[in-house]
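The block underneath contains the structure these notes are about, expressed in structure tokens.
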Amino acid sequence: AQTVTQSQPEMSVQEAETVTLSCTYDTSESDYYLFWYKQPPSRQMILVIRQEAYKQQNATENRFSVNFQKAAKSFSLKISDSQLGDAAMYFCAYRGNKLVFGAGTILRVKS
Amino acid sequence: DTGVSQDPRHKITKRGQNVTFRCDPISEHNRLYWYRQTLGQGPEFLTYFQNEAQLEKSRLLSDRFSAERPKGSFSTLEIQRTEQGDSAMYLCASSLASGGDTDTQYFGPGTRLTVL
């Protein structure tokens, strides 16, 4: 079975600084997708970024980028120029035949 | 595109009662998923449909739970004889089965169930 591990229950970052959230996963499949979702308090789960496993190039969406290391089964999220609105729970998710989520990392942004 | 919608947003019920939740996916999406999320945890997969066919069910989905998608559009999730352990956020998501954005699931706001 696929598993996703987020080893950082909480992270803090100063506004305008950069923070990296870690994620590792376990799978025997070669073709899959990886996602980062953001869930603000009491609000909807929002897709942040996605990465196809067959693509070597790391995905980027504005201030959000990933470091995808397929051999190491690592998929970290870097948030640059952090903003107060980035404060949320961040979930890493793996999709093979179904979507499997990690336990989440709470990101706090200090002004 | 109005996104995935869920109704109701909150439901409080007494133990032993039946509850039903509705999910309306993004209109062109033919896959629909149900997840359960407890406080401080990631969502856990319950079941999914492609069009009207229920293709997979998690072992989390006990026989008190049933989901339908009769016309391949909206879906309902019913919980019979609710228990306090059923208290959770129930999330619905939808995706395309083919095309450029396949495998990306878009989530609704969830239905928060509290069983007293």
Side-chain angles (χ1 to χ4, degrees), chain A residues 1-10 21-25 27 29-55 59 61 64 66 75 77 88-108, chain B residues 1-7 9-10 23-26 29 31-50 54-61 67 88-114:
Chain A
Q2 295 88 14
T3 58
V4 176
T5 301
Q6 292 179 249
S7 59
Q8 306 152 318
E10 285 191 34
L21 308 184
S22 301
C23 173
T24 59
Y25 58 94
T27 184
E29 297 173 338
S30 58
D31 189 18
Y32 51 87
Y33 295 81
L34 294 162
F35 303 87
W36 279 97
Y37 282 90
K38 166 186 176 181
Q39 190 176 41
S42 301
R43 292 184 63 190
Q44 197 158 336
M45 186 92 71
I46 302 165
L47 176 69
V48 174
I49 199 165
R50 83 175 219 164
Q51 173 80 43
E52 292 89 341
Y54 65 85
K55 289 187 177 178
E61 283 288 338
F64 299 88
V66 299
F75 183 61
L77 175 70
M89 177 80 97
Y90 285 80
F91 291 101
C92 177
Y94 165 99
R95 174 159 173 81
N97 62 339
K98 62 184 178 187
L99 202 56
V100 177
F101 286 84
T105 297
I106 297 172
L107 177 65
R108 306 190 193 281
Chain B
D1 179 3
T2 57
V4 179
S5 61
Q6 293 186 246
D7 183 68
R9 296 290 305 276
H10 302 273
C23 171
D24 288 86
I26 293 171
H29 285 185
R31 286 187 177 168
L32 186 149
Y33 308 80
W34 285 99
Y35 294 86
R36 181 171 68 189
Q37 184 180 24
T38 52
L39 200 61
Q41 299 298 315
E44 295 175 293
F45 170 80
L46 292 178
T47 188
Y48 96 94
F49 294 83
Q50 180 154 323
Q54 189 173 18
L55 296 187
E56 187 171 350
K57 292 167 57 173
S58 163
R59 282 174 290 181
L60 292 175
L61 213 65
M89 177 76 87
Y90 289 85
L91 296 171
C92 177
S94 69
S95 75
L96 289 168
S98 62
D101 200 21
T102 307
D103 293 288
T104 298
Q105 295 181 24
Y106 295 89
F107 283 80
T111 294
R112 181 168 296 284
L113 173 66
T114 302

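Nothing here was measured: the structure is a model prediction, and the numbers come from that model. Chain letters run A, B, ... following the sequence lines, proteins first, then strands; residues in each count from 1.
- Aromatic rings from A:Tyr25 and A:Tyr32 are positioned such that their centres are separated by under 6.0 Å.
- In this structure, the portion of A:Gln39 lying under 4.5 Å from any heavy atom of chain B is its side chain and not its backbone.
- No other option in B:Arg112, B:Met89, B:Gln37 has as many heavy-atom pairs under 4.5 Å with chain A as B:Gln37.
- Both the backbone and the side chain of A:Met45 have a heavy atom closer than 4.5 Å to some heavy atom of chain B.
- Proximity of a side-chain donor or acceptor of A:Glu61 to a complementary backbone N or O of A:Val48 within less than 3.5 Å is not detected.
- Contact tally against chain B (heavy-atom pairs below 4.5 Å) for A:Leu99, A:Ile106, A:Val4: the top residue is A:Leu99.
- For B:Tyr35 and B:Tyr90, the ring centers sit 6.0 Å or farther from each other.
- For A:Phe101 and A:Tyr94, the ring centers are positioned 6.0 Å apart or more.
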